[in-house]
Amino acid sequence: MVVDKHFKLFSFSRKSVMRIAAVLKDRCQPKKCSMECIKYCPRVRTGDETIVIGEDGKPVISEELCVGCGICVRKCPFNAIKIVGLPEALETHLVHQYGKNGFRLFRLPVPKEGNCIGILGQNAIGKTTAINILSGNLVPNFGNIDGESSWDIVLEKFKGTEIYNHFRELVDGKIKCVVKPQYIDGIPKILKGKVKDVLRRMDSNGKLDWITQKLNMETMMDKEIRNLSGGELQILAISAAMIKDADMYFFDEPSSYLDIHQRLNIARTIMELSKNKKVIVVEHDLAILDFVCDFVHILYGEEGAYGIVTHAKPVRYAINSYISGYLKEENIRFSEPIEFQEHPPRERIDSVPLVTFEKLVKRFSEFELTVESGTIRCGEVVGVVGPNAIGKTTFIKMLAGVIKPDEGKIDKKIRVSYKPQYLSGETEETVAEIVMTTAEKLITSGFHKAEIFDALDIKNLMEKSVSSLSGGELQRLAIALCLARDADLYLLDEPSAYLDSKQRMKAGKVIKRVVEKLGRSALIVDHDIYFIDMVSDALMVFDGEPGRKGIGKGPYSLHEGMNMFLKNINVTFRRDEETKRPRINKPDSYMDRKQREIGEYYYCMY
Ligand code: ADP
Ligand code: ADP
Ligand code: SF4
């Protein structure tokens, strides 16, 4: 039972419990159910009004009358209700609540000048809400959902706390905040014209040359915004935030669509900015979060119901806590641990080849791709790493027979199921309708339902229209549909985009299981090193000059491939002693020099 789970989780006595009831409005479908919540609630049956129907036709649950039996939670066919017991002491830390039975946020991250502060947590746990409050875009109501909220009340509430000065300066107009939003796909609808013209208009302090050089933007300056790739749009969004003269900068998921070279470059620029500004970063690529932040606030709780912000912890300690799923000071286990391999994994699996290719060459007017000969084996997941615009998609299209190589041969035609990098969710159809219309192309065995659709939690999305899905929800749907098609080779281009770090690990496990159990193969193009590390059995490495010349090599064993790739991008990783997770070495540090010397760029414990 939900409440009992939380009693156990927090280990406190029943007396000190406050009960919260959350109705997830985007899941609740009163027209498609028989109002099971009301029908079966024992309190309603005895005649009181524990659950009534609200103005929008959806249930409204009284937290005062509810006895926490959890029957409505189990009976709701759409998993739209959460009843949770929390320590009563938390009540005084409630910062914001989105209406009755709406999401609650407890505590806030604290910005600090001269530090880069990270926020780490799953999706729908309140990260954007916290950013909106700290940047002055949302006045918190402290749970007073029917009354007035104002900045005066905010100042009164935070008097004497660490965060008071931040709000004082914000309210007095002494600090200016800039936010790089999470989603960047909509930028072409708002900003029109050439990149350089748009940035010039924003540049009130002569920072254009600095930002162009820092973010390597020379080649995109003359492009029209409507023609930019996802990675270029991300760089534009980051540069548009950095070019403004502000005191505080928020970067909500700055790494999506960027290759690892670009991620590291953005991270270094954010670090430079944070030397004399306040900077807050939300990021799910843990290697990058680890690299860029000084301190991290973990946000834990229940998706859509409540989120609790922890105190700031040093970055290494915070990420280790997060991946272990356990908060020591708070004595709270909030999820399963993620495990990393300390030593190089086994050599490539020795199974039958799926497809073998000779040296392939493909020429376009301005780009030439060469791929050295190689073999993809049945039952193996091949990670594909390399910069953007280096020919990875072109290679895949040759494998799928969509385009023909100018030189070289592929030994047979294979069936490829493809998930593109950029996803379009512009349809009013529901997820259930999309699954139904593609059903004849999907395998609908028990294995597929359990290991793909249930594992990726698609069930809870079924009634939503595709256009209303968040980036992470759309990504999970696209991965599920790709894996459920009958194919020899699954190709997933950047499946980690918009997924939180736990969802990334889950998606990685799903891909591995489908490939292993069904004896198929997969090529996974991704830039999150932790994700590539956990999902891949082998690695293909692309290198060259983006947009001009690409060279693809492999597949290699993960050990050999990682060393080659990291040598190309000039970065070494050591292993964290406690969790064995990879950590980027500071350039020219003892470990960095030592690892370069022995040629061990990735698997080094000492
Ligand atoms: P995150 O950034 O961690 O993904 P958000 O802060 O965006 O989380 O959202 C946390 C929860 O609050 C989600 O369940 C979301 O649906 C809900 N929420 C966000 N904005 C609103 C709003 N304006 N009204 C009602 N609920 C909201
Ligand atoms: P990646 O998948 O590594 O990002 P792509 O294979 O999509 O790279 O593209 C590599 C380069 O080839 C890019 O510069 C792209 O503009 C160019 N390119 C891809 N397809 C074509 C085409 N059909 N005609 C001309 N140029 C193309
Ligand atoms: Fe009713 Fe509360 Fe039980 Fe739900 S948990 S059925 S609202 S008493």
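Indexing begins at 1, ligand by ligand and atom by atom, following the structure's order.
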What protein heavy atom is closest to atom 2 (Fe) of ligand 3, reported as residue, atom name and distance in Å? C66 SG, 2.4 Å
Give me the residue, atom name and distance of the protein heavy atom closest to atom 9 (O) of ligand 2. T394 OG1, 3.9 Å
List ligand 3 atoms under 4.0 Å from I51, heavy atoms only on the residue side. 7 (S)
What is the ring orientation for Y98 with F103, classed by angle as parallel under 30°, tilted 30 to 60°, or perpendicular over 60°? tilted
So is K397 actually on top of Y418's ring, under 6.0 Å and inside 45° of the axis? no
Sidechain N-carboxylate O distance under 4.0 Å for K223, E232: yes
Any sub-3.5 Å donor-acceptor pair from D406's side-chain atoms to R363's backbone N or O? yes
Protein contact to atom 6 (O) of ligand 1 [nearest heavy atom, distance to 0.1 Å]: T129 OG1, 2.5 Å
Any Lys/Arg nitrogen of D285 or R263 sitting under 4.0 Å from an Asp/Glu carboxylate oxygen of the other? yes
Quick one: look up the protein heavy atom nearest atom 3 (Fe) of ligand 3 and list residue, atom name and how far away it is. C69 SG, 2.3 Å
Ignoring hydrogens and geometry, is there a side-chain-to-backbone donor-acceptor pair from R19 to G85 under 3.5 Å? no
Between N144 and N141: side-chain donor-acceptor atoms closer than 3.5 Å: no
List the closest protein heavy-atom neighbour of atom 7 (O) of ligand 1: residue, atom name, distance to the nearest 0.1 Å. T128 CB, 3.5 Å
Is it the case that the side chains of N123 and Q503 hold a donor-acceptor pair, with the cut-off being a distance below 3.5 Å and no angle test? yes
Would T393 count as a polar contact of ligand 2, with the cut-off being nitrogen or oxygen pairs under 3.5 Å? yes
Between E330 and K313, is the closest basic N to carboxylate O distance under 4.0 Å? yes
Measuring from atom OG of S335 to atom CD1 of I332, what distance do you get when rounded to the nearest 0.5 angstrom? 12.0 Å
Tell me whether the rings of Y300 and F334 are parallel (<30°), tilted (30 to 60°) or perpendicular (>60°). tilted
Looking only at protein heavy atoms, which one is nearest to atom 13 (C) of ligand 1, and what is the separation? A124 CB, 4.0 Å
Heavy atom under 4.0 Å from ligand 3: found in T50's side chain, backbone, both, or neither? side chain
List every atom of ligand 3 that sits less than 4.0 Å from any heavy atom of I61, numbering the atoms from 1 in the order shown and giving each element. 7 (S)
Taking the side chain as everything from C-beta on, heavy atoms only, tell me whether V571 gets closer than 4.5 Å to L264. yes
Hey, does G391 come in under 3.5 Å of ligand 2, counting only N/O atoms on both sides? yes
Check each atom of ligand 1 against the heavy atoms of K127 and keep those under 4.0 Å away; list them by number with element. 1 (P), 2 (O), 3 (O), 4 (O), 6 (O), 8 (O)
Out of the candidates K506, K502, R504, only one should pair with I338 under the side chain to side chain contact (heavy atoms under 4.5 Å, CB included) rule; please name it. K502
Give yes if a backbone or side-chain nitrogen or oxygen of K392 is under 3.5 Å from a nitrogen or oxygen of ligand 2, and no if not. yes
Atom 8 (S) of ligand 3: the protein heavy-atom neighbour that sits closest, reported with distance to 0.1 Å: V67 N, 3.6 Å
Per-atom contact, atom 27 (C) of ligand 1, protein heavy atoms, under 4.0 angstrom: yes
Polar contact flag for N123 and ligand 1 (N/O pairs, less than 3.5 Å): no
Could you list which atoms of ligand 3 come closer than 4.0 Å to a heavy atom of G70? 3 (Fe), 5 (S)
N388 neighbourhood, listing ligand 2 atoms whose heavy-atom distance to it stays under 4.0 Å: 4 (O)
Considering only heavy atoms of I390, which atoms of ligand 2 have at least one such atom less than 4.0 Å away? 1 (P), 3 (O), 8 (O)
Output yes when the distance from some N or O of ligand 1 to some N or O of F103 is under 3.5 Å, and no in every other case. no
To the nearest 0.5 Å, what is the distance between CD1 on I81 and CD1 on I61? 4.0 Å
Can you sort out which atoms of ligand 1 are near I125, meaning under 4.0 Å from one of its heavy atoms? 1 (P), 3 (O), 8 (O)
May I ask you to identify the nearest protein heavy atom to atom 14 (O) of ligand 1, giving residue, atom name and distance to one decimal place in Å? G304 CA, 3.2 Å
For the side chain to side chain contact (heavy atoms under 4.5 Å, CB included) test, which of L299, I125, L286 pairs with L120? L286
From atom 2 (Fe) of ligand 3 out to just under 2.8 Å, does an N/O/S atom of C41 turn up? no
Nearest to atom 24 (N) of ligand 1, what protein heavy atom do you find, and at what distance? Y98 CD2, 3.5 Å
Of the backbone atoms (N, CA, C, O) and the side-chain heavy atoms from C-beta on, which set of V73 has a member under 4.0 Å from an atom of ligand 3: side chain, backbone, both, or neither? neither
Backbone or side chain, does any N or O of F364 fall under 3.5 Å from an N or O of ligand 2? no
Is there a donor-acceptor contact under 3.5 Å linking the side chains of K180 and Q234? yes
Heavy atom of protein closer than 4.0 angstrom to atom 4 (O) of ligand 2: yes
Backbone or side-chain N/O/S of C72 under 2.8 Å of atom 4 (Fe) of ligand 3: yes
When you measure from atom 11 (C) of ligand 2 to the protein, is at least one non-hydrogen atom found at a distance under 4.0 Å? yes
How far does NE2 of H261 sit from NE2 of H527, to the nearest 0.5 angstrom? 13.0 Å
